[in-house]
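For reference, the structure is listed below as structure tokens.
Protein chains get the first letters and strands the later ones, always in sequence-line order, with residue 1 at the start of each. Please read all numbers here as calculations on a predicted model, not as lab measurements.
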Number of protein chains: 2
Amino acid sequence: MPVSPSQHAAPSSDVVAPAPAPRRSVRDEVEQSLRAGLLSGRFVPGHSVTLRGLAQELGVSPMPVREAVRALSAGNALEIRSNGRIQVPQMTPQRLSEILTARLLLEPELALVAAENLDASDAVELRKIDDRVDESLSGGDAETYMQENFAFHFHIYRAAGSQVLMPLVESLWLQFAPFMRTVYGRVGTAALDDHHKEAIDAVRGRDARGLRDAVAADIRCGMELLDRSSGEGLQDA
Amino acid sequence: MPVSPSQHAAPSSDVVAPAPAPRRSVRDEVEQSLRAGLLSGRFVPGHSVTLRGLAQELGVSPMPVREAVRALSAGNALEIRSNGRIQVPQMTPQRLSEILTARLLLEPELALVAAENLDASDAVELRKIDDRVDESLSGGDAETYMQENFAFHFHIYRAAGSQVLMPLVESLWLQFAPFMRTVYGRVGTAALDDHHKEAIDAVRGRDARGLRDAVAADIRCGMELLDRSSGEGLQDA
DNA sequence: TTCGGGCAAATGTGATCACAAATTGGAGGG
DNA sequence: CCCTCCAATTTGTGATCACATTTGCCCGAA
């Protein structure tokens with residue numbers, strides 16, 4: 001709660017810190033917070049959020065939240081209805097199908113490029129992430145699972161060094177993640193059969209094609225899971 | 001210049017109109033204006049814009065401009081540098097290559113889907129648009145050319161009815177359009193050899209594969225043009 | 001109990017203000 | 001003639017206010 005009527009929010013930590021931060025604006029922090037919330041599934045499709053609500057929750061003024069929400073909604077990660085209200089977009093069978101089509105077009109290709117820049121040390125890192133994925137899978141912790149699964153895929157994709165494809169793929173993840181979370185809530189995380197092991201092997205063996213196919217298989221697997229439980233979690237209303 | 005210290009901007013037209021408008025906010029108008037400026041090439045890569053400058057130019061307060069700029073920058077259509085300044089992103093050979101790769105992955109597929117929903121009347125409409133394309137091509141009017149070329153492609157893509165792929169493709173166009181404009185300024189618009197005629201024929205004959213291939217060829221053609229003049233217009237600084 | 005009607009609270013939107021950081025411009029010294 | 005430094009201006013950022021619209025809720029009539 002800001003007390004001073006003027007001034008720049010003046011958080012307590014930023015003043016004493018040696019400022020190693022390259023200059024984080026409040027807006028960026030809010031946006032990252034929202035992205036994380038979307039990607040981990042804390043935001044349910046159809047759930048409506050408010051500017052002032054988010055602002056109070058994050059301890060900032062509505063202003064940075066406005067810009068962050070605007071940025072997210074530009075990528076269809078949030079929806080601004082005709083009456084102006086903000087909500088996490090509902091999922092429809094058609095939209096889900098389109099998202100998975102787009103993922104299948106972009107992500108395997110991105111993995112193919114990334115393979116050139118991945119080495120054994122990345123395989124080790126991926127292995128560690130995948131361990132946490134499996135742990136949260138067996139533990140039924142859907143939220144952690146989604147975070148680690150995201151970390152796994154994007155550790156690969158990031159290696160491609162693409163400043164164009166990467167944001168597109170991120171946009172897709174932001175769109176389907178909230179729905180994904182509700183699906184896991186219904187069918188449980190045990191039904192998951194990702195192809196992470198094959199991907200790790202491909203990275204270790206520097207097999208670009210293999211990595212691409214593993215990613216494609218992983219996406220197709222998620223597609224089947226969603227198809228199987230299609231119609232249940234869709235259109236919550 | 002708004003005179004009243006309060007109130008909602010109060011445009012002159014909206015009050016007397018029978019309100020057929022579904023509720024256009026000032027921010028959306030600003031965003032559309034910026035999109036149009038980007039797509040038609042009025043914004044040069046590297047050119048820096050200011051919030052207050054755009055606001056004054058459009059006759060609104062800096063506020064709606066802020067949100068519009070934020071939305072565009074979320075899709076890499078505008079760049080917000082570390083010092084906060086806003087500018088049209090520079091083009092690099094790598095970035096250009098990535099954009100064209102992404103276009104080649106998405107647009108032909110989008111056209112393939114769209115073909116199902118396109119009929120003879122669309123072929124007529126596309127023909128009319130393509131006439132204007134040719135006209136502006138021979139006339140050397142690069143700005144009109146870019147607008148009409150955009151209209152041509154997106155008349156096709158829109159028919160796919162995809163709410164997911166479409167924004168991704170739009171994002172790509174917003175990214176390369178400003179650079180494209182500078183290329184045409186150098187090599188002239190005469191060097192263009194689009195494959196619009198083949199696309200129109202494919203639409204008329206309801207040949208989905210043919211339409212997909214025509215779109216792919218069109219993109220590849222632009223790729224070659226850009227490759228040929230590569231290194232000249234890049235990194236203007 | 002159910003269905004309207006109307007009032008109060010909440011919400012997005014646009015404008016304006018204050019401030020810090022950065023840019024710019026020119027004056028002064030080498 | 002060129003470089004350096006300082007001040008004035010510009011610019012993005014965050015906060016706050018005012019307003020129109022909408023949502024939510026309670027009360028009263030059928």
Just how far, in rounded Å, is C1' of D/dG12 from CG of A/Asp28? 12 Å

Can you list every pair that meets salt bridge (charged side-chain N to carboxylate O under 4.0 Å, His left out) and has a residue in residues 145-164 of chain A, with sequence neighbours left out? A/Arg132-A/Glu148

Side chain to side chain donor-acceptor pair (under 3.5 Å) against A/Thr101, all qualifying residues, sequence neighbours excluded: none

Please report, rounded to the nearest Å, how far the P atom of C/dT11 is from the CZ atom of A/Arg81. 16 Å

Ignoring hydrogens and geometry beyond distance, is a side-chain donor-acceptor pair present between B/Gln175 and B/Arg95 at under 3.5 Å? yes

Between protein and nucleic acid, restricted to nucleotides 23-25 of chain C and to nitrogen or oxygen atoms under 3.5 Å apart, what atom pairs and distances do you find?
| unit_1 | atom_1 | unit_2 | atom_2 | d |
| --- | --- | --- | --- | --- |
| C/dT23 | OP1 | B/Asn83 | ND2 | 2.6 |

In whole angstroms, how far is the P atom of C/dT13 from the CD atom of A/Glu67? 13 Å

Just the rounded figure in Å: distance from P of D/dT23 to CD of A/Gln87. 12 Å

Testing C/dA15, D/dT11, D/dT13 for proximity to the side chain of B/Thr50, the answer is D/dT11

Of B/Met63 and B/Val49, the one whose closest nucleotide on DNA chain D sits nearer the 5' end is B/Val49

Side chain of B/Val26, heavy atoms from C-beta onward: which of C/dG14, C/dG12, D/dG12 has the nearest atom to it? C/dG14

Can you pull the salt bridge (charged side-chain N to carboxylate O under 4.0 Å, His left out) pairs that have at least one residue in residues 168-182 of chain A, sequence neighbours excluded? A/Arg35-A/Glu170

Without decimals, in angstroms, what is the distance between B/Glu79 CD and D/dG12 P? 14 Å

Closest to the A/Pro62 side chain, choosing from C/dG14, D/dT16, C/dT13: D/dT16

I'd like to know whether CD of B/Gln163 has more than 12 heavy-atom contacts from other residues, nucleotides or ligands below 6.0 angstrom. no

Closest to the side chain of A/Pro64, out of C/dG14, C/dA18, D/dA15, is D/dA15

What does B/Ile80 touch in the nucleic acid at a heavy-atom separation under 4.0 angstrom: a base, only the sugar-phosphate, or nothing? nothing

Can you label the angle between the B/Tyr157 ring and the B/Phe154 ring as parallel, tilted or perpendicular, going by 30° and 60°? perpendicular

Contact list for residues 68-82 of chain A, test salt bridge (charged side-chain N to carboxylate O under 4.0 Å, His left out), sequence neighbours left out: A/Arg70-B/Glu67

Starting at atom CG of B/Leu58, determine the distance to atom P of C/dA15, rounded to an integer number of angstrom. 12 Å

When you match A/Leu51 and B/Arg52 each to their closest nucleotide on DNA chain C, which lands nearer the 5' end? A/Leu51

With side chains defined as the heavy atoms from C-beta onward, is the minimum distance between A/Met223 and A/Leu104 less than 4.5 Å? yes

Identify the heavy atoms of A/Ser61 and A/Pro64 that sit nearest to each other, and give their distance. O-CD, 2.9 Å

Rounded to 10°, tell me the angle between the two end axes of the helix from C/dT1-D/dA30 to C/dG30-D/dC1, each built from five pairs. 10°

Among the candidates D/dG12, C/dG12, D/dT13, find the nucleotide nearest to the side-chain atoms of B/Arg70. D/dT13

Between B/Glu98 and A/Ser162, the two heavy atoms sitting closest are OE1-OG, 2.8 Å

Is there a donor and acceptor pair closer than 3.5 Å between the side chain of B/Arg27 and the base of C/dG14? no

Donor-acceptor pair present, B/Arg66 side chain and D/dG14 base, under 3.5 Å: yes

